[in-house]
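All of these numbers come straight from a predicted model, not from anything done at the bench. The first residue in the sequence is number 1, and the count goes up from there.
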Amino acid sequence: MSRRVRRKLARKGKVVSPTYTETEDEVLGLKREGDVDWTSLPDDTVIQLFSCLNYRDRASLSSTCRTWMFLGISPCLWNSLDLRAHKCDAAMASSLSPRCINLQKLRFRGAESADAVIHLQARNLREISGDYCRKITDATLSVIVARHAALESLQLGPDFCERISSDAVKAIAFCCPKLKKLRLSGIRDVHGDAINALAKHCQNLTDVGFIDCLNVDEMALGNVESVRFLSVSGTSNMKWGVVSDFWHKLPNLAGLDVSRTDIGPNAVSRLLSSSGSLRVLCALNCPVLEESASFPINKNKGKLILALFTDIFKGIDLLFLDATNKGKNVFLDWRNLKNKDKNLDEIMIWVEWILSHTLLRIAESNQQGLDNFWLKQGAALLLSLMQSSQEDVQERAATGLATFVVIDDESANVDRGRAEAVMRDGGIRLLLDLAKSWREGLQSEAAKAIANLSVNTNVAKAVAEEGGINILAGLARSMNRLVAEEAAGGLWNLSVGEEHKGAIAEAGGVKALVDLIFKWSTGGDGVLERAAGALANLAADDKCSTEVAVAGGVHALVMLARNCKFEGVQEQAARALANLAAHGDSNSNNAAIGQEAGALEALVQLTRSPYEGVRQEAAGALWNLSFDDRNREAIAAAGGVEALVALAQSCSNASPGLQERAAGALWGLSVSEANSVAIGREGGVTPLIALARSEAEDVHETAAGALWNLAFNPGNALHIVEEGGVPALVHLCSSSVSKMARFMAALALAYMFDGRMDEFALIGTSSESSSKSVSLDGARRMALKHIEAFVLTFSDPQAFAAAAASSAPAALSQVTEGARIQEAGHLRCSGAEIGRFVAMLRNPSSILKACAAFALLQFTIPGGRHAMHHASLMQNAGAARILRAAGAAATAPLEAKIFARIVLRNLEHHHMEPSL
C-alpha cells in the first residue's frame with residue numbers, strides 16, 4: 001500500500017479510528033511522469049477495491065486523503081462488521097459508531113465485546129452472532145436486544161451461555177418482534193413461559209435452536225407454530241414421548257435436528273410418520289438410535305433421515321425432484337442450480353448449518369469407533385461444506401477438518417488415514433483458497449486446518465507443492481492476531497520437514513516469524529509459542545539459523561525467555577536458542593546469544609521452572625552455549641553451576657530428555673577446571689553418578705562425559721570413589737549400548753587411578769588414610785580390570801598379529817578401523833588433558849598405557865573434527881618421543897604398542913612429526 005498511509009490501528013489488538021489531517025500529498029502532484037493518481041479513480045471503482053479489503057485496511061486507506069476518507073465510510077462498505085479478532089471495548093465501539101449507522105450484521109467474541117455492542121449505535125442491526133459467550137449475562141443480553149428492535153437473527157454459541165437464563169429469552173421475545181432466527185447454546189433451563197413468549201411475540205420466528213441445553217420445555221416448543229427449522233442438538237433430559245405427541249403437530253416444521261441426543265427409534269419413527277410437513281430429520285451420533293439394527297430407513301418416502309448409518313449424500317440428493325445420484329457433488333450442484341426453489345434453498349441452507357455444527361461437535365468429542373464414518377462420509381461432507389456461501393458454515397467446516405484429524409492433543413498425533421482422505425478429495429487446494437480469502441475468520445480457520453493436517457508428512461509435501469508455504473508466510477504478516485497465530489502454527493508444523501525449511505526462508509517466513517514476536521510481545525501467548533516453535537525448527541538448519549539471527553531472532557527469543565511467563569513460550573524460546581547455539585563451528589550465533597543482555601541469566605533462571613519441558617530446553621541451551629569459552633564462564637558467573645547441580649539432583653525420576661540435558665550442561669561447564677571444582681563443591685558428583693545408572697543410552701553418554709571431566713581433578717576423583725561412582729562407571733564401561741559412554745567411562749576410571757588421586761587421598765589423619773587406602777585398592781583393581789576388558793573389545797587378534805608382524809600401512813589401517821569410535825572424533829581436549837594421556841603412556845600400569853594409547857588414537861584419527869588441534873597439542877607435549885618409546889618397550893602390552901604406532905602415523909599424517 002501507499003508509503004504515505006497514516007496508520008493508527010492494531011495496537012495491542014485494538015482497532016483505533018484514524019485521524020484525518022490535511023496533507024501536502026493531497027494536492028501535490030502525482031504529476032511526475034509514470035506516477036498514477038489513484039485519487040482520480042471513479043468513486044465506484046474505489047469502493048469496489050475497498051470491498052475486497054478487511055476492515056482494518058479499509059480504515060487505514062481511508063486515512064490517506066480526504067477523498068478516500070468519505071468513500072471509506074460509505075454505508076455499503078459497513079453493512080457487516082467482524083470484531084472477533086479485536087478487543088472491543090466501549091471506547092473502540094464509540095469510535096466506530098459513525099461508520100455503523102447502516103450496519104446490519106455483527107459478529108463479536110467475548111463478554112467485553114458484548115457489553116460494547118450498544119456503543120456502536122447500530123440501531124438497524126439485523127443479525128448478531130457471538131461466541132465465547134460463557135460470561136455474558138442476562139442483563140447484557142437484555143440491553144442488547146432492547147437497543148436493537150429490528151433484530152432478525154440472534155446466535156450465541158457454540159460454547160455454552162452458562163449465565164443466560166430464561167429471563168433473557170423472554171426479553172428477546174418482548175424486544176425483537178421481527179426475530180426470524182434464534183440459536184442459543186448451553187443454557188441451563190429454557191422454561192415454558194420463555195418459549196411461549198417467543199411464540200406469542202415473534203410471529204416470524206422460523207428457525208429455533210436450543211443447542212446443548214440442560215432442560216428445554218418440550219411442550220412449549222410445540223406451541224411455536226411459525227417454526228420451520230428446530231434444533232435441540234446435544235440437549236439433555238428430553239422427554240421424547242412428549243416430543244412425539246406434540247411436535248408432529250407443528251404445521252410448518254420442515255427440518256428437525258436431534259443430533260447427539262438419546263432419542264430412540266420409536267420417537268424418530270413417530271415423528272417421521274405423523275408430521276405432514278417434516279422433510280429432514282437429522283439424528284447424527286444418537287447412540288440409542290444407532291444401536292437399533294432394525295430401524296427402517298426407507299419406510300417414510302419423501303422424508304429424509306440423516307444419521308451415521310445412512311448415506312448422507314445420497315439422502316440429500318433425494319430432496320431434489322430430478323434426483324440423479326449426484327454423490328459427493330450434491331451440494332455443489334445445488335449451489336449452481338439456475339432455477340431456484342425457495343423452499344428447497346431454505347432447507348439446504350439449514351442442512352448446511354446443522355451439519356457443520358454437528359460434525360464439529362462430533363470431531364471435538366474425539367469418539368472411538370467413527371473411523372469408518374469419517375473416511376467414507378465425514379471428510380467429504382466437511383470439504384463440501386467448506387464451499388458453502390455461508391461464512392460461518394465455511395469456518396466450522398474448516399475447524400472440523402482441523403479437529404477431526406487430531407486423535408491426541410497432547411502428542412499432536414494426527415490420524416494418517418483421515419489426513420490423506422482430505423488430501424485425496426482435493427482438500428488442500430480448497431483450504432489454501434479459503435486461506436486467501438479477505439475474510440479473516442476464514443483465513444484463521446483454514447490456516448488452522450492446514451497446520452494440523454501438515455503434521456502428516458505426505459500432506460505437508462502437498463501443501464508445499466500447492467504453494468502453501470508462501471500463503472502461510474503471507475498470513476503470518478497479518479495484523480489479525482488469530483490469523484497470524486494459525487499461520488505461524490502451520491509454519492511450525494511444516495518446518496519439521498528438512499525439505500521445507502529452505503522454502504520457508506525463501507518465502508520470507510523467518511522474518512515474518514521474528515516480526516510476530518515483536519508485534520505480539522505481550523498478550524499473544526499462542527502466537528508467540530507458535531512463532532518461537534517454528535523458529536526453533538528452522539534454527540536447527542545451519543543456513544536458516546543464520547537467517548534467524550540476521551532477522552533479529554536472537555534478540556526476539558531472548559526477550560521471550562526473559563519476559564514471558566507462559567510455559568509453552570518459554571519452552572519453545574529456550575529450544576530455539578539451543579538450536580541457534582548448536583552451530584558453533586559454522587556461525588557466530590553461539591557467541592551472539594551469550595553477548596545478548598540477560599540471555600544467560602534468563603536461561604539459568606528457566607532451569608528452575610516448575611515445568612519439565614522448560615527446564616529441559618533451558619538446560620539444552622546452556623549445554624550448547626557452554627561450548628563457547630566466554631559463555632562457559634559467564635554461565636557459571638550467572639549461577640549456572642548451582643542451578644544445574646540442583647537440576648541434576650531433582651531429575652532422578654524425570655524424563656530421559658531432561659536427564660540427558662542436565663548432565664550435558666554440567667559436562668559442558670566442567671570443561672573448565674574452575675567450574676569442575678565448583679560442580680564438585682556444590683554436590684554435583686552424586687547426582688551425576690545416579691544419572692550414570694540410567695537405562696537411557698543418551699543419558700549414559702552425558703553423565704559419563706561429565707564424570708570424565710570431573711575426574712580430571714583429584715579431589716573430584718576421590719569424591720566419585722567415595723560416593724560409589726566406580727561401580728557405576730564400571731557398569732557403563734562394560735554394559736552400555738553406547739560406545740561413547742563406555743569410552744568416556746573408561747577414561748574417567750583411568751584419570752581416577754593414574755596415581756594423582758592417591759596423593760590427594762593421603763591428606764588427613766593416618767587412620768583415615770589407611771581406611772581410604774584399603775577402599776582405593778579394591779576400587780583400583782575393579783577399575784583396571786574393566787578398563788582392560790574395554791580396550792580388548794577393540795583388539796582383533798588377527799589384525800593385531802598382522803600389524804605386529806608388519807609395519808605396512810594396510811595392517812595398521814585395519815586395526816584403526818576396528819578400533820575407531822566414530823563419535824569420539826567430535827570430542828575436543830585441552831592441552832592439559834592431552835598432556836595427561838601422554839604422561840599416562842609412562843605409567844607403571846600396562847593397562848593404563850594401553851588405555852592412553854587407545855584414547856590418543858581416537859583423538860587423532862584423520863577426519864576427526866578436532867584431530868588437527870589434538871595433533872598440535874601432542875607436538876607441544878613432546879608426544880612423539882614418548883610414543884616411540886611406548887611402541888618399542890619390551891614389557892608393554894601388544895595393544896599399547898600397536899596403538900602407539902598408529903598414533904605416530906596419525907601425527908605424520910597431520911604433518912606434525914617433530915625432529916628428535
Side-chain angles (χ1 to χ4, degrees), residues 10 13-15 51 53-59 76-90 92-93 95-97 99-136 140-141 144-145 147-148 150-159 161 164 172 176 179-186 207 209 211 349 352-353 356-357 360 388-399 434 437-448 478-483 485-486:
K14 294 188 178 182
V15 176
S51 70
L53 303 176
N54 59 44
Y55 311 108
R56 183 186 296 102
D57 290 342
R58 292 177 193 174
C76 63
L77 292 175
W78 297 91
N79 284 329
S80 64
L81 183 61
D82 187 348
L83 296 173
R84 288 176 297 169
H86 311 290
K87 183 180 179 182
C88 181
D89 55 17
M92 173 189 160
S95 71
L96 288 171
S97 61
R99 296 182 175 86
C100 297
I101 296 172
N102 295 297
L103 186 66
Q104 295 192 8
K105 183 176 180 180
L106 174 69
R107 302 185 75 176
F108 70 87
R109 175 166 289 165
E112 185 178 11
S113 295
D115 291 335
V117 166
I118 60 172
H119 296 282
L120 292 172
Q121 299 182 29
R123 296 187 178 276
N124 294 314
L125 263 179
R126 298 291 190 271
E127 299 180 34
I128 293 179
S129 177
D131 54 23
Y132 287 81
C133 299
R134 290 183 183 275
K135 295 183 180 180
I136 294 178
T140 297
L141 184 54
I144 289 175
V145 297
R147 297 288 184 91
H148 302 97
L151 206 60
E152 296 178 359
S153 173
L154 176 62
Q155 300 184 71
L156 300 179
D159 47 311
C161 304
I164 292 176
I172 294 169
C176 303
L179 195 67
K180 297 178 180 179
K181 182 187 299 180
L182 177 66
R183 293 170 181 162
L184 302 175
S185 295
D207 190 334
I211 301 166
I349 288 170
E352 281 191 334
W353 194 92
S356 67
H357 183 278
L360 175 57
S388 170
S389 59
Q390 302 179 74
E391 184 180 348
D392 56 345
V393 170
Q394 288 181 299
E395 287 185 21
R396 283 200 178 95
T399 308
L434 271 191
S437 166
W438 68 268
R439 292 184 173 92
E440 292 175 330
L442 293 178
Q443 291 176 355
S444 173
E445 298 308 323
K448 179 191 296 182
S478 173
M479 295 297 292
N480 183 314
R481 181 179 58 80
L482 299 178
V483 175
E485 179 175 322
E486 300 302 345

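When all heavy atoms are compared, the tightest approach of Val117 to His148 is CG1-CE1, 3.8 Å. A pairwise comparison of heavy atoms in Leu125 and Lys105 identifies CD2-N, 3.7 Å as the closest pair. Shortest non-hydrogen contact noted between Leu182 and Ile172 is CD1-CD1, 4.1 Å. Closest non-hydrogen pair, Ala446 versus Ala398, comes out as N-CB, 4.1 Å. Scanning both residues, Glu440 and Ser478, for their nearest heavy atoms gives OE2-OG, 4.4 Å. Between Ser185 and Pro158, the closest heavy-atom pair is CB-O, 3.6 Å.
The closest side-chain heavy-atom distance from Ile211 to His357 is below 4.5 Å. Asp207 places none of its side-chain heavy atoms less than 4.5 Å from the side chain of Lys180. Residues Ile144 and Ile136 fail the side-chain proximity criterion, which asks for heavy atoms closer than 4.5 Å. In this structure the side chain of Tyr132 never reaches within 4.5 angstrom of the side chain of Leu156, judged on heavy atoms. Using a 4.5 Å heavy-atom cutoff, the side chains of Leu120 and Leu106 are in contact. Leu154 has its side chain out of reach of Cys176: every pair of non-hydrogen atoms, C-beta onward, lies at least 4.5 Å apart.
Each of Arg396, Arg109, Arg183 was scored for a salt bridge (charged side-chain N to carboxylate O under 4.0 Å, His left out) with Asp131, with one residue passing: Arg109.
In this structure, Gln394 CD and Ser356 OG are separated by 10.5 Å, a value rounded to the nearest 0.5 Å. Distance check, rounded to the nearest 0.5 Å: CG of Leu141 to SG of Cys161 gives 8.0 Å. The OG atom of Ser388 sits 12.5 Å away from the CH2 atom of Trp353 when rounded to the nearest 0.5 Å. One distance of note links CZ of Arg123 with CG of Leu151; it measures 13.0 Å at 0.5 Å rounding. A distance of 11.5 Å separates CZ of Arg84 from OG of Ser113, quoted to the nearest 0.5 Å. Rounding to the nearest 0.5 Å gives a distance of 12.5 Å between CZ of Arg126 and CG of Leu179.
With sequence neighbours left out, the side-chain hydrogen bond (donor to acceptor under 3.5 Å, both in side chains) criterion links Thr399 to Glu445. By the side-chain contact (heavy atoms from CB on, under 4.5 Å) test, Ser153 pairs with Glu127, Gln155, Lys181, sequence neighbours left out.
Between Arg439 and Asp82, none of the side-chain N atoms (NZ, or NE/NH1/NH2) sits under 4.0 Å from a carboxylate O, so this pair counts as no salt bridge. Between Arg107 and Glu395, at least one side-chain nitrogen of the basic residue sits less than 4.0 Å from a carboxylate oxygen of the acidic one, meeting the salt-bridge criterion.
Asn79 and Gln104 form no side-chain donor-acceptor contact under 3.5 Å, judged by distance and modelled atom types alone. With 3.5 Å as the limit, one finds no donor-acceptor pair spanning the side chains of Trp78 and Asn102.
Not a single donor-acceptor pair under 3.5 Å links the side chain of Asn124 to the backbone N or O of Leu103.
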(message) The test is side chain to side chain contact (heavy atoms under 4.5 Å, CB included); show your working for Leu81 and Phe108 and say whether it passes.
(response) CA-CA 9 Å; Leu81 183 61; Phe108 70 87; over 6 Å; no
